[in-house]
Amino acid sequence: MGSFSLHASCLAQPKLPWSNDCSQNLNSLKLPALQQRGPNFGSRKASKVLAFYGLKSPPYELDALEPYMSKRLMETHWGEHHHGYVEGLNKQLEKNDILYGYTLDELVKVTYNNGNPLPEFNNAAQVWNHDFFWESMQPGGGGMPELGLLQQIEKDFGSFTNFKEKFIEAALSLFGSGWVWLVLKRREKRLEVVKTSNAVNPIVWDDIPLISLDTWEHAYYQDYKNDRGKYVNAFMNHLVSWHVATVRIIRAEAFVNLGEPKIPVA
Amino acid sequence: MATAAASSTAPLSNAFLPRLGPNGGAKSTRSLQWAKNQRQRSSPRRFGAAVITAKFELKPPPYPLNALEPHMSQNTLSFHWGKHHRGYVDNLNKQIAGTELESKSLEDIIIQTYNKGDLLPPFNNAAQIWNHDFFWESMKPGGGGKPSGELLKLIERDFGSFEKLCEELRSAAATQFGSGWAWLAFNPRPSDGKELLVVKSPNAVNPLVLGYIPILTIDVWEHAYYLDFQNRRPDYISIFLEKLVSWEGVGAKLAVAKSQAA
């Protein structure tokens with residue numbers, strides 16, 4: 001997954017009065033490194049760049065999560081929805097050369113625009129969200145985290161069971177489309193369960209997600225119809241990858257000092 | 001009122017059911033009150049000194065669940081109405097039990113719990129009940145075609161043409177990101193002289209909270225079309241406009257809206 005580092009300089013700028021003419025305001029952000037990369041950065045041709053972001057495959061075959069997430073559902077969810085967001089984003093970027101050259105993380109944060117999102121945000125964030133979601137699952141997932149991550153969960157939630165209850169409750173009470181996250185809050189230096197609507201994700205607030213659950217209906221309808229509870233339980237018991245969550249929190253320790261006790265890494 | 005009559009005429013209770021839903025003829029006296037309550041839910045009734053409070057009931061669509069085939073499958077209707085819509089009804093009843101909302105009409109609950117945008121918990125369920133009742137009535141077997149009469153006149157006046165209206169409806173329905181609804185609504189106090197407008201809204205919100213009177217809606221929550229169309233929302237919208245929409249129903253609602261506004 002992409003790095004969690006921030007371009008602190010661009011986010012430290014005071015909130016700009018975004019008008020319809022975004023180009024003026026973006027140029028006033030001092031982003032020399034990005035501005036030097038013209039639209040043909042990385043391309044040997046002088047012609048127009050044809051695609052900006054690619055559709056990343058899940059780190060397993062589309063049938064690998066059976067029977068908890070069927071191949072048919074994965075083909076639609078990844079092959080149509082996720083693919084659709086990538087194509088949609090690339091189409092939008094064809095017409096907007098101010099947003100060239102960003103990594104996907106950077107693009108999500110810039111287009112979030114401090115809560116007044118640009119048109120590209122929904123597509124960019126949904127591409128990021130789905131990349132992150134596939135990686136949050138694995139065949140033979142579920143169970144419990146171990147060692148440091150388990151310790152941190154117990155510290156911040158009291159017990160793993162309590163965390164699990166909170167996560168499930170969040171997933172069941174999220175109204176409409178959205179995502180549920182286990183997140184490391186950067187400023188508070190603790191883990192929390194967070195719900196977001198539509199395409200929003202915790203990186204726009206500078207926090208570090210460890211796992212996510214897609215609660216848009218398209219994520220479960222083909223397999224579970226309206227039974228979101230069954231889907232959420234299947235995710236917690238058979239799909240969630242605590243291995244990936246552990247890798248993510250280890251990486252996060254480079255940016256967030258979780259203080260005492262030191263999290264041992266075996 | 002209802003109880004006295006029902007207890008002595010138990011075999012007649014079936015005769016009072018206006019239509020058979022998938023539950024067939026219910027045998028309890030509750031069903032007698034159900035039929036009457038459906039029509040009288042718009043204002044709390046007083047009998048003597050007591051206010052009649054009754055739980056909200058799940059209203060069936062005005063056609064059997066397979067009547068919209070092949071454009072909207074029975075499978076979809078059985079989940080959409082039988083599980084989702086029913087769930088909203090059950091959940092609202094739980095939420096308002098023992099509260100002052102219990103004696104209010106659905107519209108009153110919606111406006112009150114919308115709370116100027118700072119939604120109170122019963123809003124989502126109440127509004128979704130209203131929205132779904134309205135959605136089933138926006139469709140009919142053998143729907144589609146064109147509107148006529150007063151409705152067509154207003155459409156042509158406010159949108160230019162029927163085709164332009166359809167374009168706006170399609171666009172609103174297709175671009176409502178996440179869950180929500182697209183509406184054709186009547187504005188009783190238009191500042192620009194246009195009484196009809198297309199509105200899109202997220203999640204459970206509906207134009208009642210904006211002071212408009214809805215006359216048509218299309219549900220674009222994914223559960224409305226996923227079983228039949230998967231991610232192909234534009235195809236679902238097209239089929240809705242070409243084969244399902246009940247322009248007669250829309251015209252009737254417009255007439256009611258105009259008379260209410262006058």
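Since this is a predicted model, take the numbers as computed values, not measurements. Quick note on labels: first sequence line is chain A, next is B, and so on, each numbered from 1.
The salt bridge (charged side-chain N to carboxylate O under 4.0 Å, His left out) check on Lys140(B) picks up Glu248(B), with sequence neighbours excluded. Applying the salt bridge (charged side-chain N to carboxylate O under 4.0 Å, His left out) criterion to Glu168(B), with sequence neighbours excluded, gives no partner residue. Contacts of Ala174(B) classified as side chain to side chain contact (heavy atoms under 4.5 Å, CB included), with partners at least two apart in sequence or in another chain: Ile237(B).
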Is there any N or O donor on one of chain B and chain A with an acceptor on the other under 3.5 Å, and could you list each such pair with its distance?
residue	atom	partner	partner atom	Å
His84(B)	NE2	Tyr221(A)	OH	2.6
Ser179(B)	N	Ser177(A)	OG	3.4
Ser179(B)	OG	Ser177(A)	N	3.4
Ser179(B)	OG	Ser177(A)	OG	2.7
Glu222(B)	N	Glu217(A)	OE1	3.3
Glu222(B)	OE1	Glu217(A)	N	3.2
Glu222(B)	OE1	His218(A)	N	2.8
Glu222(B)	OE1	His218(A)	ND1	3.4
Glu222(B)	OE2	His218(A)	ND1	2.7
His223(B)	N	Glu217(A)	OE1	2.8
His223(B)	ND1	Glu217(A)	OE1	3.3
His223(B)	ND1	Glu217(A)	OE2	2.8
Tyr226(B)	OH	His81(A)	NE2	2.7

